[in-house]
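For clarity, every value in this text was computed on a predicted model and none was experimentally measured. First the proteins, then the strands, lettered A, B, ... as listed; each starts at 1.
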There are 2 protein chains.
Amino acid sequence: MLPDLKLAPMRYVLAILDAGGFHAAARQLHRSQPAISMAVRDLEERLGQPLFEKGGGKALLTPFGHWCVPRFRELVAHHDRVCRDALAIARQQHGRVDIAAVPSVASRLMPALLAGFLQRYPGIDISLQDGHSERVNDMVLKGEVELGITSLWLPDEALSFEALLHDDIGVICRDDHPLAQQKALHWRALKPYTLIRNGTSRLLEGSPAAELLTHSTLYISNMISLTAMLEAGIGVTTLPRLAFQEEHKRLRFIPLATPHLERQMGLLRRSGQSLSPAADAMYHYLMAQLGEDEKR
Amino acid sequence: MLPDLKLAPMRYVLAILDAGGFHAAARQLHRSQPAISMAVRDLEERLGQPLFEKGGGKALLTPFGHWCVPRFRELVAHHDRVCRDALAIARQQHGRVDIAAVPSVASRLMPALLAGFLQRYPGIDISLQDGHSERVNDMVLKGEVELGITSLWLPDEALSFEALLHDDIGVICRDDHPLAQQKALHWRALKPYTLIRNGTSRLLEGSPAAELLTHSTLYISNMISLTAMLEAGIGVTTLPRLAFQEEHKRLRFIPLATPHLERQMGLLRRSGQSLSPAADAMYHYLMAQLGEDEKR
DNA sequence: TAAAATGATCAGTAAAACTTACCACCTTAA
DNA sequence: TTAAGGTGGTAAGTTTTACTGATCATTTTA
């Protein structure tokens with residue numbers, strides 16, 4: 001019923017009009033002139049009506065041709081628009097990535113990383129939101145974001161995790177605290193002091209230092225409240241180094257030497273679901289940037 | 001720069017989604033399954049990004065595929081719409097004809113003809129306007145209408161005329177007029193009577209009867225005024241038979257036997273300019289209908 | 001665990017699109 | 001007038017593209 005009209009002959013028709021003749025169109029399209037003639041004739045046969053007047057020496061449209069040409073123009077323009085947009089996205093010149101990151105990464109690492117990414121891929125829109133590790137995990141799993149930066153949580157069938165960097169656990173205390181001058185600590189050195197637990201305290205679980213948690217009576221989830229407590233000298237806490245905000249002048253970070261604890265930070269994505277071109281660019285960019293940092 | 005993305009592979013992609021798989025799509029499209037696979041792979045290569053997830057057994061879209069598919073849908077739908085409309089016009093299922101006709105034809109012949117045409121081509125819009133022969137000529141020449149029905153005026157390079165029917169010239173008089181009972185007349189029989197000239201009187205020119213015009217002092221262009229004059233018994237006039245309105249009970253039409261005068265009615269169109277499909281249908285319809293009438 | 005799906009691959013083939021060479025026609029300029 | 005330079009159309013042959021049929025590797029279903 002519908003003879004499948006191809007776009008190329010329509011392009012030829014438009015070129016004939018724009019260039020003002022079959023020969024001129026052929027030159028413009030880098031085709032031979034007979035190719036144009038034959039394609040146009042074929043198109044006319046499919047339509048069942050001529051598009052060009054046959055008699056005169058010049059290329060003039062029939063009334064039917066006059067009706068067709070504007071629609072051909074629109075259709076070809078539509079086609080080109082779709083192609084251009086699709087290619088721009090495929091080539092990562094446009095697009096959008098939604099990322100989630102654990103607060104420490106989001107605030108300490110991402111600003112510099114995203115600045116570099118934006119420079120490299122000026123057309124890509126980025127959305128970054130932070131959340132604790134379970135939330136990041138969940139957002140990736142539910143497809144709310146394509147990429148997550150978090151410490152490895154539960155290994156999951158539906159998620160794939162690529163390690164990026166290690167983040168050492170240490171103790172945070174005020175500069176006048178007895179431990180403040182130490183270079184490294186054994187976990188037992190903490191026993192005499194008040195330990196404030198926080199969201200990252202679970203990183204101690206499964207290690208000898210877990211014993212400390214059982215004696216702790218204070219839990220603060222909010223980082224601002226936590227630093228306020230520490231600055232007030234109420235006690236000490238453990239944090240990954242990245243989560244320690246160096247701008248607090250009176251607080252010190254002392255690495256925990258025994259046991260040596262670290263959290264593994266990495267890129268989380270859904271397995272079995274490939275990334276959008278933009279997210280793919282982000283994925284490889286982060287791997288390259290942070291993998292490099294790791295080597296130093 | 002722009003790899004020319006063809007519509008067929010886009011159709012394949014859509015069919016894969018609709019049918020739920022490569023095999024099902026192949027069946028639906030009456031193609032072999034490898035044809036689908038290869039076309040999709042080619043499309044993906046042109047875009048530079050896969051559209052379908054490769055791992056799993058099922059046909060699932062990548063995020064990039066999800067972005068592309070709605071645009072492919074729109075584009076394909078646009079293409080089909082243009083094709084369908086163009087074919088409908090080419091096949092004379094839609095379209096528009098503008099016609100002009102001399103008043104006698106417009107009022108006496110066209111109603112029945114157009115009724116038949118409308119029945120045969122229900123989708124075609126028709127515009128009919130009347131005017132005297134020079135005006136019809138002019139409208140065709142200026143492209144205001146595609147077809148004109150008129151008596152041959154000046155043979156013109158830019159116009160082509162196809163004869164349709166002969167229209168005999170006769171005399172119109174009231175039923176109580178001395179000539180009213182005649183079957184046919186010689187022009188000299190009119191000499192004693194008042195001759196009212198009208199727009200068609202020029203048809204007498206170039207014949208012996210032209211002498212009558214020189215003695216006529218009354219010219220009425222409007223047909224309603226003319227019949228009123230005739231019914232009032234003011235005089236007689238000459239008219240082509242078609243222009244004589246038979247519903248005037250007191251008026252008689254007597255053919256002019258010597259000289260036998262007739263106007264040649266025909267279809268006028270621009271030469272060198274082909275007709276729109278709808279006008280072409282009208283052209284051939286009129287030729288067939290009136291040519292047939294002529295034979296009877 | 002066999003059977004029946006899925007999609008991918010490869011060689012061969014049929015169809016399309018294109019090129020080269022040539023023709024017929026019209027217009028323009030010497 | 002003729003010849004040159006333009007128009008587009010035609011025919012044979014070649015390249016490119018699109019497709020089929022047979023076959024394979026996997027995964028899913030029974």
Side-chain angles (χ1 to χ4, degrees), chain A residues 2-47 49-62 65 69 76 157-158 271-274, chain B residues 2-47 49-62 64-65 69 76 83 157-158 271-274:
Chain A
L2 273 196
D4 187 41
L5 307 183
K6 308 228 181 80
L7 287 176
M10 295 191 190
R11 286 206 148 82
Y12 293 177
V13 169
L14 300 179
I16 290 166
L17 295 174
D18 293 342
F22 284 58
H23 284 269
R27 252 172 275 125
Q28 180 181 307
L29 294 163
H30 308 295
R31 291 279 124 88
S32 64
Q33 170 266 318
I36 310 294
S37 288
M38 292 161 89
V40 169
R41 183 155 45 79
D42 179 73
L43 177 58
E44 289 176 333
E45 272 166 21
R46 282 168 196 265
L47 286 168
Q49 289 281 339
L51 295 163
F52 291 96
E53 299 288 357
K54 296 300 161 195
K58 284 283 175 297
L60 293 171
L61 287 173
T62 60
V69 160
V76 165
E157 265 296 291
S271 52
Q273 165 99 41
S274 58
Chain B
L2 274 196
D4 187 41
L5 307 184
K6 311 229 180 76
L7 287 177
M10 295 191 191
R11 286 205 149 82
Y12 292 177
V13 168
L14 300 179
I16 290 166
L17 295 175
D18 293 342
F22 285 59
H23 279 92
R27 250 172 275 126
Q28 179 181 307
L29 294 164
H30 308 294
R31 291 280 123 84
S32 64
Q33 171 265 319
I36 310 294
S37 288
M38 292 163 95
V40 169
R41 183 154 47 79
D42 180 72
L43 177 58
E44 289 177 333
E45 273 166 20
R46 283 169 196 264
L47 286 168
Q49 290 280 336
L51 295 164
F52 290 96
E53 299 288 355
K54 295 300 160 192
K58 283 280 175 300
L60 293 170
L61 286 172
T62 60
F64 179 62
V69 161
V76 165
C83 290
E157 266 295 290
S271 52
Q273 165 100 41
S274 57

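Side-chain N or O atoms of A:Glu44 include one that pairs as donor or acceptor with a backbone N or O of A:Leu51 at under 3.5 Å. No donor-acceptor pair closer than 3.5 Å links the side chain of B:Ser274 to the backbone N or O of A:Thr62.
One interatomic measurement links the two molecules: CG of B:Leu60 to P of C:dT6, which rounds to 14 Å at whole-angstrom precision. Taking atom CG on A:Asp42 and atom P on C:dC18, their separation rounds to 10 Å, with Å as the unit. Here C:dC10 presents its P atom at 10 Å from CE of B:Met38, a figure rounded to the nearest Å. Between the P atom of C:dG7 and the CD atom of B:Glu44 lies a distance of 13 Å, rounded to the nearest Å. If you measure from atom CG of A:Asp4 to atom P of C:dA17, you get 10 Å, rounded to the nearest angstrom.
Using a 4.0 Å cut-off, no side-chain N or O of A:Lys6 falls inside it from OP1 or OP2 of C:dA16. Taking only side-chain nitrogens and oxygens, B:Arg41 never comes nearer than 4.0 Å to OP1 or OP2 of C:dG7. At D:dC19, one or more side-chain N or O atoms of B:Tyr12 fall inside 4.0 Å of OP1 or OP2 (strictly under the cut-off).
Listed by residue number, B:Gly21, B:Phe22, B:His23, B:Gln33, B:Pro34, B:Ser37 are the residues of residues 16-37 of chain B with a heavy-atom contact under 4.0 Å to DNA chain C.
B:Leu61 places a side-chain heavy atom less than 4.5 Å from the side chain of B:Phe52. A heavy-atom distance below 4.5 Å is not found between the side chains of A:Met10 and A:Leu14. At a threshold of 4.5 Å between non-hydrogen side-chain atoms, the residues A:Gln273 and B:Glu53 count as touching.
Checking C:dA17, D:dC19, D:dG9 against the side-chain heavy atoms of A:Lys54 singles out D:dG9 as nearest.
Salt-bridge formation is detected for the pair B:Arg11/A:Asp4: a Lys NZ or Arg NE/NH1/NH2 atom is positioned less than 4.0 Å from an Asp or Glu carboxylate oxygen.
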